[in-house]
Number of protein chains: 4
Amino acid sequence: MTEKDDGQLVGSFPIMPKQARAQQKREALLRSGSILFVEKGFDQTTAKEIALHAGVATGTFYRYFADKRQLLMSLLEENFDLLMPPKPDWDNVNPEFFLAALMKEHFGKMNRLGLHRVLPELVSRDPELAEVVRRTKRIIHKQIYNGLKTTKEHGLTWDDLSLDTISWTIIALLEKIPEMHAESGKEPDFPEIAKIICRLVFPPDKLSQLKKIREMSDKKWI
Amino acid sequence: MTEKDDGQLVGSFPIMPKQARAQQKREALLRSGSILFVEKGFDQTTAKEIALHAGVATGTFYRYFADKRQLLMSLLEENFDLLMPPKPDWDNVNPEFFLAALMKEHFGKMNRLGLHRVLPELVSRDPELAEVVRRTKRIIHKQIYNGLKTTKEHGLTWDDLSLDTISWTIIALLEKIPEMHAESGKEPDFPEIAKIICRLVFPPDKLSQLKKIREMSDKKWI
Amino acid sequence: MTEKDDGQLVGSFPIMPKQARAQQKREALLRSGSILFVEKGFDQTTAKEIALHAGVATGTFYRYFADKRQLLMSLLEENFDLLMPPKPDWDNVNPEFFLAALMKEHFGKMNRLGLHRVLPELVSRDPELAEVVRRTKRIIHKQIYNGLKTTKEHGLTWDDLSLDTISWTIIALLEKIPEMHAESGKEPDFPEIAKIICRLVFPPDKLSQLKKIREMSDKKWI
Amino acid sequence: MTEKDDGQLVGSFPIMPKQARAQQKREALLRSGSILFVEKGFDQTTAKEIALHAGVATGTFYRYFADKRQLLMSLLEENFDLLMPPKPDWDNVNPEFFLAALMKEHFGKMNRLGLHRVLPELVSRDPELAEVVRRTKRIIHKQIYNGLKTTKEHGLTWDDLSLDTISWTIIALLEKIPEMHAESGKEPDFPEIAKIICRLVFPPDKLSQLKKIREMSDKKWI
DNA sequence: GATGAATGAGCTTTCATTCAT
DNA sequence: CATGAATGAAAGCTCATTCAT
């Protein structure tokens with residue numbers, strides 16, 4: 001039973017070194033954890049279920065993770081960049097097209113991972129987790145902030161743009177996308193959302209100027 | 001605690017009619033449930049704890065609520081209007097002042113209740129709860145939508161305003177306010193958020209026109 | 001509400017003296033207890049349910065009975081004679097007709113009361129109840145025994161009749177009647193059972209002799 | 001207790017294979033359940049107590065049985081044949097000797113198991129259990145019925161024998177034996193009960209004929 | 001290392017009984 | 001006396017975690 005996966009000639013090259021085997025199990029557990037957490041919620045998922053779903057014994061779970069919580073933390077770390085929204089590049093492309101494409105892709109990734117549905121309640125009771133999430137958001141905020149800053153310095157934005165508040169607003173919009181999807185039932189209207197963000201950042205005249213210039217090179221983003 | 005309810009003259013009315021007593025317990029349980037759900041999360045709060053916190057016996061909890069979930073539902077029903085953001089009245093006042101004031105008030109209420117922090121994960125596994133939340137959001141959306149529609153018909157908004165997406169965006173912003181608060185650490189900058197919403201709705205010229213006209217009558221809102 | 005049952009002229013003769021009122025409640029409780037014990041089993045019936053069914057408050061239950069068990073004991077005492085099978089009068093009537101009629105009546109009473117279905121498990125854990133039941137059975141046994149003894153002394157029975165064992169056998173048969181009913185689905189065949197008992201007691205020649213003599217006077221028993 | 005299972009030579013087989021261990025626990029739980037159910041009644045016995053009595057933790061109980069009820073069902077299934085009274089073989093042996101011996105053995109088994117004391121009240125509220133018991137009784141009835149039928153066809157019984165009622169009567173007697181024991185305090189008089197059954201089945205002349213023929217071969221049954 | 005049976009604290013829920021009104 | 005809300009011990013059951021094999 002344990003040998004099924006390496007029915008190989010005696011003496012042949014071990015296809016899968018010991019550590020890699022362990023890695024495989026760890027990853028199976030992570031994958032199973034991710035799936036079940038999203039499906040049933042963190043508290044409703046038992047360590048036993050995760051192990052079963054991953055095809056290992058209950059005890060094995062505890063060899064790789066101190067507890068359920070630690071598995072979740074590992075999941076977060078591993079998918080750190082997935083949780084990060086893309087860094088918009090405001091002035092090299094038609095901003096509306098570009099944003100719409102970026103958001104569509106980000107939304108797809110988020111939805112595939114699904115972890116964002118698990119975090120909200122946990123954050124309120126797990127300070128360490130809360131800290132991780134907060135740090136992540138701050139990085140995102142910083143990225144958007146810096147992008148906006150450069151753009152502002154180029155004189156492309158509203159004069160009175162509050163970089164900080166706009167950054168949070170953009171994050172808020174990005175985070176709401178999955179929920180808008182779930183609650184309205186329709187696919188989010190990414191171009192419209194992009195338009196909204198652009199309206200927040202660029203005065204109409206600057207925006208149409210940007211759009212004209214970048215129009216051709218943007219075709220690839222659609 | 002036991003003395004609060006009979007600071008009255010000797011010989012006056014019966015201290016507290018029977019039903020009022022029961023109501024008091026029910027409400028104590030609701031209050032305790034609300035506090036503990038927000039503090040520790042729904043799943044981490046036990047019925048026993050709620051009872052203890054409310055100063056009644058475990059069994060008493062079950063006289064008033066079938067279970068924890070039902071207590072939560074009652075909390076939601078009872079605070080239904082708190083969850084509703086205010087209906088903005090776009091063209092009778094300086095929109096920015098007005099919105100800032102409304103949001104500040106709403107934010108205060110939401111924060112005091114705190115339930116919004118409990119719902120997200122629950123919604124994903126409790127279809128009935130999900131339905132309640134969905135219905136609430138649809139009403140909110142409708143209200144904002146209708147307000148915007150009237151404003152648009154008055155020719156005050158951007159010509160290309162997508163009423164639906166803007167409505168969702170405003171909801172997203174309102175809902176994010178508590179989190180912005182928690183995550184940034186600072187008090188949300190309501191005037192700035194109001195400005196953002198106004199920028200989404202009104203072209204600059206229409207907005208300054210609105211602001212000038214309403215400036216005086218708005219003093220009362222500050 | 002409490003006055004509904006004596007809507008009488010002021011000053012008129014109180015139809016129901018105080019004690020009788022109490023008696024009424026006591027009896028309502030006994031009746032409700034009996035019904036519910038038989039319907040759902042002793043342990044599955046709560047004091048609250050009995051009170052509700054009897055139309056009184058929970059607390060009132062405990063004014064009339066120390067606890068559920070005591071109510072059961074009262075039920076037994078009150079229906080003591082119902083539990084007693086009839087004393088057969090072997091030689092004044094056609095024994096088969098007579099027995100069949102007696103059993104039919106007894107079976108009807110037992111079934112209406114139904115308590116026999118509640119006792120078995122209780123007896124094994126309640127020594128006092130066990131003693132009551134045992135005493136009852138001993139009296140029954142004695143009655144049957146004495147009847148048989150007289151009959152034997154008249155030379156009407158088998159010579160080798162073991163009075164004791166036959167008495168228990170008759171009791172066994174009587175007690176099994178409700179179960180035979182429930183399990184076979186059919187109405188018990190009382191004449192057949194009577195025939196069996198008679199065959200155990202009387203040799204064929206003595207029996208036909210008895211039957212012939214009593215034939216006419218028995219018509220009334222059918 | 002822990003030593004019973006390895007009275008073996010050092011160096012021999014592994015003491016107890018894994019599955020056997022589990023079986024041991026399962027059986028310990030069954031045994032403890034049986035004992036406690038009989039001692040205190042089904043409802044008065046808690047899963048915790050059974051586990052404690054079996055020397056395992058509460059949770060272990062639930063690894064082997066879904067609940068108390070299922071343990072009882074397993075007990076019944078496992079002892080199905082114990083509950084079945086022996087199939088009498090009417091015409092190959094002295095019927096009285098044979099029956100007495102059979103009943104004595106059956107009585108011993110029943111008494112050791114004791115479950116018959118638990119079933120009566122449960123049956124009235126557990127339809128599945130009721131069905132199991134009913135099925136069992138029907139099989140027993142059928143067996144006795146068929147035996148009697150053959151005997152009747154051989155012309156050995158009373159001409160007017162009602163096979164059905166006699167079968168139920170015999171079952172009633174068999175089932176009452178433990179109670180007769182408990183209530184009279186004396187050891188049941190098996191030979192007398194056997195005589196009673198024989199008197200119900202065989203006319204005196206046929207019986208003495210049967211007894212004479214089989215007298216010698218029966219010695220072994222005593 | 002891997003296994004999964006075993007553990008037992010702890011949660012939800014019920015109900016006999018009390019007692020203020 | 002009657003009431004029924006309140007009590008809290010205790011039952012059924014789950015699951016994170018350990019540990020002998």
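Labels below follow one simple rule: chain letters A, B, ... track the order of the sequence lines, proteins then strands, and each chain is numbered from 1. Bear in mind that the values here come from a model prediction, so they are computed numbers and not experimental data.
- Side-chain atoms of A/Glu27 do not come within 3.5 Å of backbone N or O of A/Gln24 as any donor-acceptor pair.
- Between the P atom of E/dA2 and the CG atom of A/Leu52 lies a distance of 17 Å, rounded to the nearest Å.
- Within the cation-pi definition used here (under 6.0 Å to the ring centroid, within 45° of the axis), B/Lys48 does not qualify as a partner of B/Phe61.
- Residue D/Lys25 has no polar side-chain atom (N or O) positioned under 4.0 Å from OP1 or OP2 of E/dA5.
- Candidate nucleotides F/dA6, E/dA5, E/dT7 were compared by shortest atom distance to the side chain of B/Arg63, and F/dA6 ranks first.
- Between B/Arg26 and B/Ser74, some side-chain heavy-atom pair lies under the 4.5 Å cut-off.
- Put simply, the side chain of C/Glu39 does not reach to within 4.5 Å of the side chain of C/Gln44, judged on heavy atoms.
- Under the side chain to side chain contact (heavy atoms under 4.5 Å, CB included) test applied with A/Leu72, the options A/Leu30, A/Leu122, A/Asp67 reduce to a single match, A/Leu122.
- Taking the ring centre of D/Tyr64 as origin, the terminal cationic atom of D/Lys25 falls outside the region bounded by 6.0 Å and 45° from the ring axis.
- Using a 4.0 Å heavy-atom cutoff across all strands shown, C/Phe65 reaches no nucleic acid atom at all.
- A 3.5 Å limit on both hydrogen-bonding distances identifies E/dC11 as the Watson-Crick or G-U partner of F/dG12.
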Set out, line by line, the N/O atom pairs under 3.5 Å between protein and nucleotides 12-15 of chain E.
from: E/dT12; atom 1: OP2; to: B/Ala47; atom 2: N; distance (Å): 3.2
from: E/dT13; atom 1: OP2; to: B/Tyr62; atom 2: OH; distance (Å): 3.0

